[in-house]
Structures are given as structure tokens and as C-alpha cells.
Engineer: 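This is the structure, below, for whatever I ask next.
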Amino acid sequence: MLHEVTAGGVERPDGRVALVVQHDAVPALLPVTVRETISRKPSSAGTICSTRGTDDREGAAMNPETAAGVFTAARSEFAAWSGRLWRPLGEILAAVARPRPGERVLDACCGAGASAIPAARAVGPDGAVDAIDVAEGLLDEGRREAAALGLGNLRFTAADVLTWPHDGYDVVQSAFGVFFFPDMDAGSRRLAGLLNPGGRFAVSTWRADGMSRIVPIGRAAALPDRPELEDAPPRPNHSARVDTAGKLADWLSSIGLRDVEVREVAYVQPLHPEDAWTFYLGSSMRGFVSGLSAEALDRVRARFFDGLREAGLDTLDAGALIGVGRRP
């Protein structure tokens, strides 16, 4: 995949630095401006306000079996969005985590390798990347690409990363994964504990009021054919706890990390309704329609298109946050 990247730094009045990066991710996609704003947090621990929400947000907790089923079924639609969403954001996560030649990296909830593949390139043949996910279908996509690229230092493994038995890593990174953990705090502390002293823990999360616009429309479209969604007990909405730079910095500090930095990434792109439907089926929203017949899916699709039109939603706001902290 071709990437054209240009960058420049601008000092802001509040002392933060703004970087403007142009990504031409795929030929069919208009260039998208990705703006990163860097905020730094002292190493003292912060506080977390625990919240509960419904599945109206991309980021409600899932157990491993549910996640495996949803994302394995979504493999083809997930792959269709790789070049214009998952891969650019994965590249940025790896760029912020800064894996170096010879280092060992653990990529948690790796999917098809959007951040694991650039990490493997960065560490080179003397380094190693363990890429872990429960979705075997996505892992197969990653294995094929790694083999085509000759990345023998990258190993994809189907497992629950929260029970991963190995340690001694220089970098642990997770692209849009930690908020799916049943207990985000305990799970992330365990992953950070797999680092060597001074190792970097890097995560990306969705920014508030970005991805959250499309998910409620998707859920509402499914409700007439999946009325049980209305009465389903809410799962913890961990993404709401880490959807601003301040929240993410506080949370990373609270799980015991120091020298925390958070970067904001503005990433908005045009969204055709047909592409929106592919995104629906290639993301965690697929869980809304699991098990429906082809006829029911057609009804959901029509209602989804109506919802997008009524909301005037013709762009996908994939604004993200990337936070990095070090293990003491």
C-alpha cells in the first residue's frame, strides 16, 4: 500500500505542538488530513470516574468468545476498510510507540495486523513482534500479508491476550482494543506488567463525538428486527472513560505508567452509504445483526441508509487519541 506522508510542526498558544500529516492511503480516497496535538501528563497517578453505558458506542466491553465470533465473521468487510481506516491509524500508532531495531513488541488485539506489520518493519530481523487476537479470520489475513512481505519476525497467534504467558517486551501496543476488555483497568495493568522496566505501553482510542455518531444509527436500524437489543443488559462502555486527551492521560497514569503523552488525531473522510454499510458489517456493529436472515439484513440496510440521510451523515469521523506511557 502506498503512503505519501508530509508533516510540519506548529507551536500553539497553549504550548502544545500541532503536527499536520497528509496521508494518501489509497488511490480512490481523497487525501485526509491527520492532525496530532501532543499533551503531556506528569507521572503522578490520576483518577478515573467509572461509567456504564449501552452498546450505542463503538467500545462497549466484549468477552473473548463474542469478539472472536463478531470479528471473524466480519473479516472480508473489515479487510475492505483496512486501507482507508485501520491501516493508516495502525501506522500512526506504531509511529507514536516508536519500536526500535532489535526490540520485542506485543501487539494486543491485533486484528489483521494494522499496527503489528509496521512494528515488525521497525524492529527489523533482530527484533520480534507477537500479534495476538481471538479472531482467527483476521489473523489469517495478517499472516498472508506478513508472508508476502517477508516479515519472518512477526508471529500471529490466536489467544486471549489477557492470559498471554510471555513477558520481557520493550513495547506493548493495542489499536482500539483495550476498551473491549471486560475489566479495562485490570487487563491493561496486566499487559503493562509484561513490559521490561522503562518499556512503552501505547494505546489508541476513539475521540469523543466522532465514531459515536454512526453507531447509534446502526443500532436503531437493527432494533425492529432485533428487539432483544432494547432489553439487553448494558455492558461497560469503557471507551467513554478514555475519549478525551485528559481522560486518557489520567487513565494511563492511574494504571501505574509514567511520562505519559497523549496525541490527538483528527481523521475525517467522505462516506458513501454503500461504504458505510460495509463499515457496519466490518466493525463491532456487526454484532447488532448477527444471525439475521438475508431478508432481515436488507431491511436493516434500508433503515440504516435512511438514518444516515436523516442525520445528514456523509463523512466518517474516525478521530482518535494515542496515549503512551512507560513502565517504571
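The structure displayed is predicted, hence computed values, not measured ones.
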Engineer: Could you check whether R104 pairs with D126 (Lys NZ or Arg NE/NH1/NH2 to Asp/Glu carboxylate O, under 4.0 Å)?
Structural biologist: no

Engineer: I'd like to know if the side chain of R144 and the backbone of L139 have a donor-acceptor N/O pair within less than 3.5 Å.
Structural biologist: no

Engineer: Keeping H238 on the side-chain end and V178 on the backbone end, is there a donor-acceptor pair under 3.5 Å?
Structural biologist: no

Engineer: Taking R143 first and then E145, would you say they form a salt bridge - that is, a charged N and a carboxylate O separated by under 4.0 Å?
Structural biologist: no

Engineer: Would the distance check show the side chain of S212 and the main-chain N or O of A208 forming a donor-acceptor pair, the cut-off being under 3.5 Å?
Structural biologist: no

Engineer: Under 4.0 Å between a Lys/Arg side-chain N and an Asp/Glu carboxylate O for D170 and R100?
Structural biologist: no

Engineer: For the pair D167 (side chain) and L194 (backbone), establish whether a donor and an acceptor sit closer than 3.5 Å, ignoring hydrogens and angles.
Structural biologist: no

Engineer: Verify side-chain contact (heavy atoms from CB on, under 4.5 Å) between N237 and F179, making sure each step is shown before the conclusion.
Structural biologist: CA-CA 8 Å; N237 181 17; F179 44 63; over 6 Å; no

Engineer: Given the rule in the side-chain contact (heavy atoms from CB on, under 4.5 Å) test, do C110 and F156 qualify, once you have shown the distances and angles that lead to the verdict?
Structural biologist: CA-CA 8 Å; C110 66; F156 287 91; 3.9 Å; yes

Engineer: Scan for side-chain hydrogen bond (donor to acceptor under 3.5 Å, both in side chains) pairs involving residues 308-328, sequence neighbours excluded, and state none if there are none.
Structural biologist: D306-R309

Engineer: Show me the pairs that pass salt bridge (Lys or Arg N to Asp or Glu O under 4.0 Å) and involve residues 193-202, at least two apart or across chains.
Structural biologist: E103-R200

Engineer: Checking R213 side chain against G210 main chain: does a donor-acceptor pair fall under 3.5 Å?
Structural biologist: no

Engineer: Under 3.5 Å, side chain of W81 to main-chain N/O of D275, donor-acceptor pair present?
Structural biologist: yes

Engineer: Might you work through the side-chain contact (heavy atoms from CB on, under 4.5 Å) test for D133 and T157, ending with a clear yes or no?
Structural biologist: CA-CA 7 Å; D133 204 294; T157 303; over 6 Å; no

Engineer: Counting distance only, does the side-chain N/O of T278 pair as donor-acceptor with the main-chain N or O of E77 below 3.5 Å?
Structural biologist: no

Engineer: Taking R303 for its side chain and A221 for its backbone only, find out whether a donor-acceptor pair lies under 3.5 Å.
Structural biologist: yes

Engineer: Would F201 and Y169 count as a side-chain contact (heavy atoms from CB on, under 4.5 Å) here? Give the steps.
Structural biologist: CA-CA 10 Å; F201 183 72; Y169 292 100; over 6 Å; no

Engineer: If only atom types and distance count, is the side chain of S188 paired as donor or acceptor with the main-chain N or O of D185 below 3.5 Å?
Structural biologist: no

